[in-house]
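Let me begin by presenting the structure, written as structure tokens, before commenting on it.
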Amino acid sequence: MRNEWEYMELSRGARILKAWGENSCLEVPGELGGLPVTEIGPYAFSAATLPRRFQVEETKKRRAVTDGHGGQPMAGTCLLSIRLPSTVQVIGDYAFYGCRELREIAFTDSLERIGSGAFMGCSGVDRLEFLETGLGDRGLYQMLSELRYAMEIVIRRQGGETALVVPEYYESSVENIPARILELHYQGTGYRYRQCFRDGTVDYRAYDGLFGLAESQEPPEVLAQLAYDRLRYPVGLSDGARRAYLEWFSANVREAGKYFLKRDDLEAIRLICEAGGFDGTAKRRGGRGEESRKIVADGAGDFYMASMGEHVLGEAESGQGADRAEKDFGYGDGSEASLDVLAEMAGRMGRAEIVSCLMDYRHRKLGGGRKKVFEL
């Protein structure tokens, strides 16, 4: 990868000021001019005009080239992904301001501070890759606090990795006239999910406990990826939480199937099938009575919001609620019907390999039975 870097020397490292390159996926070097790269400067990757207070004297600027001369300025919409080395401790003010096409950020736990508005306008970020090395304990939470959009987090550490999804959230200010203050309100479960990372480690019990609440607020595609990631990487996953995720797949065959089929994700469908997630026997929004309600209340931490989740669960658990749920889905009861629905959807979308996988699983799960033919 050919890149050119503009930087300035600090007392114990280097601060990147600008970059040029030929590839929209940029990897920041760990060293420039014999100095460790410790900071990403203000507006370093933003296409906006650098304010006067952040401008650096020309005599203090340095240039370094890695693997040949760079091409276009790596700023604004030119940047699709960024990978920061373990030496970076600070991201300056508005460093990535307006990078609307930025999709992925890779960084480590060495990150200590993120400046004001560093990721303002970065609405496209949907994946974080976090390397846990033991250098710090606040980097991931800081990054999540800056990005309010729905995204997948891949956490890599010695001995393995895990993946978690955090939904989106919005902030709104409401004026409390009698108290003469502005109250900050959060819409969506994303804010609560982010609090599970506050102490530098993942509180898996609290994270899983929010799923019942998320069912009533988040779109199916977010719930499908969230539940799948927990089944795929079951770190800290209790038996009760595992059942809750499997029951969601069982009660939402069409929605989950549509999401994974669009992605042509054979591995996801295979794993969920083998785990029993597409059995088609669970009631909508859960079917474990008191245990399901406990999962919602444990993680929510807000009695009002938890009561909303319990109300939805209670409706589905009643005979009338369960009947209405099954009618709404329109795919009948049992493993056979659910697998047939998935196979028919896969056939219509031309996913021949997935159809074959489903038919093989259906044969092993249910035996020979009646034969069905799905046209591609």
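Quick caveat, the model's predicted, so the values are computed rather than measured.
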- Query: When clusters are formed by joining ILVMFWY residues with side-chain heavy atoms under 4.5 Å apart, either directly or through shared neighbours, do Leu237 and Leu246 land in the same one?
  - Reply: yes
- Write down the atom of Ala14, the atom of Leu10, and the distance for their closest heavy-atom approach. C-CD1, 4.1 Å
- Message: Whether the side chain of Asn23 engages the backbone of Cys25 through a donor-acceptor N/O pair (distance < 3.5 Å, no angle test) should be reported.
- Response: yes
- Message: Suppose the criterion is side-chain hydrogen bond (donor to acceptor under 3.5 Å, both in side chains): which pairs have a residue in residues 105-128, not counting sequence neighbours?
- Response: Glu104-Arg127, Thr108-Ser110, Asp109-Thr133
- Applying side chain to side chain contact (heavy atoms under 4.5 Å, CB included), run through Leu84 and Leu111 and close with a yes or a no. CA-CA 9 Å; Leu84 303 177; Leu111 189 61; 5.5 Å; no
- Task: Would you indicate whether Glu353, at its atom CD, is surrounded by more than 12 heavy atoms from other residues, nucleotides or ligands within a distance under 6.0 Å?
- Result: no
- State, yes or no, whether a side-chain contact exists between Phe197 and Val202 at a heavy-atom distance under 4.5 Å. yes
- Query: Counting N and O atoms only, with roles assigned by atom type, does the side chain of Gln225 sit under 3.5 Å from a partner on the main chain of Glu221, one being a donor and the other an acceptor?
  - Reply: no
- Task: Go through the side-chain N and O atoms of Gln195 and Arg198 and say whether any donor and acceptor fall under 3.5 Å apart.
- Result: yes
- Query: Who passes side-chain contact (heavy atoms from CB on, under 4.5 Å) against Glu31, sequence neighbours left out?
  - Reply: none
- Item | Residues forming a ring-ring contact (aromatic ring centres under 6.0 Å, His included) with Tyr193, sequence neighbours excluded | Tyr207
- What's the shortest heavy-atom distance between Gly92 and Ala118, and which atoms? O-CB, 3.7 Å
- Message: On a heavy-atom basis, which atom in Pro220 and which in Glu255 lie closest, and how many Å separate them?
- Response: CB-CB, 3.7 Å
- Task: Determine yes or no for a side-chain-to-main-chain donor-acceptor pair under 3.5 angstrom, with Arg230 supplying the side chain and Tyr245 the backbone.
- Result: no
- Task: Evaluate the side chain to side chain contact (heavy atoms under 4.5 Å, CB included) criterion for residues Arg62 and Leu17: first the C-alpha distance (whole Å), next the side-chain angles of each, then the deciding distance (0.1 Å), finally the verdict.
- Result: CA-CA 9 Å; Arg62 302 288 184 269; Leu17 303 177; over 6 Å; no
- Item | Cluster link Ile153 to Ile114, ILVMFWY, side chain under 4.5 Å | yes
- Task: List for me each residue that meets side chain to side chain donor-acceptor pair (under 3.5 Å) alongside Lys262, sequence neighbours excluded, and say none if there are none.
- Result: none
- Could you check Val222, Val166, Val165 and say which one makes a side-chain contact (heavy atoms from CB on, under 4.5 Å) with Met151? Val166
- Message: Between Tyr97 (side chain only) and Ala48 (backbone N and O only), is there a donor and an acceptor less than 3.5 Å apart?
- Response: no
- Message: Minimum heavy-atom separation for Met345 and Gly257, please, with both atom names.
- Response: CE-C, 4.0 Å
- Query: Out of curiosity, Arg157 CZ to Glu132 CD, how far, rounded to the nearest 0.5 Å?
  - Reply: 4.5 Å
- Message: Are Phe278 and Leu266 connected into the same hydrophobic cluster when the rule is that any two of I, L, V, M, F, W, Y join if their side-chain heavy atoms are below 4.5 Å apart?
- Response: yes
- Hey, does Val28 have a side-chain heavy atom less than 4.5 Å from the side chain of Asn3? no
- Any donor and acceptor pair, going by atom type alone, linking the side chain of Arg194 with main-chain N or O of Gly190 inside 3.5 Å? yes
Which donor-acceptor pairs under 3.5 Å do the side chains of residues 32-45 make with protein atoms, sequence neighbours left out?
unit_1	atom_1	unit_2	atom_2	d
Glu39	OE1	Arg15	NE	2.8
Glu39	OE1	Arg15	NH2	3.0

- Item | From CG (Leu210) to OG1 (Thr189), nearest 0.5 Å | 7.0 Å
- Under 4.0 Å between a Lys/Arg side-chain N and an Asp/Glu carboxylate O for Glu168 and Arg148? yes
- Test log, rule side chain to side chain contact (heavy atoms under 4.5 Å, CB included), inputs Cys273 and Leu358: CA-CA 8 Å; Cys273 279; Leu358 290 170; 3.7 Å; yes
- Is Ile272 reachable from Val253 through a run of hydrophobic residues whose side-chain heavy atoms are each under 4.5 Å from the next? yes
- Item | Listed partners of Tyr233 passing ring-ring contact (aromatic ring centres under 6.0 Å, His included), at least two apart | none
- Task: State which residues pass ring-ring contact (aromatic ring centres under 6.0 Å, His included) with Tyr7; sequence neighbours excluded, sorted by chain then number.
- Result: none
- Task: Assert yes or no for the condition that the ring centre distance of Tyr228 to Phe260 is strictly below 6.0 Å.
- Result: yes
- Query: Are the side chain of Arg53 and the backbone N or O of Leu50 linked by a donor-acceptor pair below 3.5 Å?
  - Reply: no
- Query: For Tyr259, which residues count as a ring-ring contact (aromatic ring centres under 6.0 Å, His included) partner, sequence neighbours excluded?
  - Reply: none
- Among Ile155, Leu226, Asp229, Val235, side-chain contact (heavy atoms from CB on, under 4.5 Å) partner for Leu164: Ile155
- Nearest 0.5 Å, what's the OG-CZ distance between Ser145 and Arg138? 7.5 Å
- Message: Any carboxylate oxygen within less than 4.0 angstrom of a Lys/Arg side-chain nitrogen, looking at Glu274 and Arg364?
- Response: yes
- Query: CG of Leu102 to OG of Ser24: how many Å apart, nearest 0.5 Å?
  - Reply: 10.5 Å
- Indicate yes or no: at least one non-hydrogen side-chain atom of Arg63 is less than 4.5 angstrom from one of Trp20. yes
- Residue list, salt bridge (Lys or Arg N to Asp or Glu O under 4.0 Å) with Arg242, at least two apart or on another chain: none
- Applying salt bridge (Lys or Arg N to Asp or Glu O under 4.0 Å) to Arg83 and not counting sequence neighbours gives Glu129
- Minimum heavy-atom distance between Gly188 and Gln217, given as atom pair plus value: CA-OE1, 3.7 Å
- Drop me the distance from Met359's CE to Leu339's CG, to the nearest 0.5 angstrom. 6.5 Å
- Roughly how far, to the nearest 0.5 Å, is the CD1 atom of Ile105 from the OG atom of Ser81? 10.0 Å
- Message: With side chain to side chain contact (heavy atoms under 4.5 Å, CB included) as the criterion, how do Lys61 and Met8 come out once you've worked through the C-alpha distance, each side chain's angles and the decisive distance to 0.1 Å?
- Response: CA-CA 5 Å; Lys61 295 179 181 179; Met8 66 176 293; 5.9 Å; no
- Please report the C-alpha distance between Arg270 and Glu267 in whole Å, then the side-chain angles of each, then the deciding distance to 0.1 Å, and finally whether the salt bridge (Lys or Arg N to Asp or Glu O under 4.0 Å) criterion is met. CA-CA 5 Å; Arg270 177 184 286 127; Glu267 291 305 314; 2.7 Å; yes
- Query: Can you pull the ring-ring contact (aromatic ring centres under 6.0 Å, His included) pairs that have at least one residue in residues 114-156, sequence neighbours excluded?
  - Reply: Phe96-Phe119, Phe107-Phe130
- Which residues satisfy the side-chain contact (heavy atoms from CB on, under 4.5 Å) test with Thr77, sequence neighbours excluded? Arg100, Glu101
- Task: Is it possible for you to say whether Phe249 and Ile354 belong to one hydrophobic cluster, with membership spreading through side-chain heavy-atom contacts below 4.5 Å?
- Result: yes
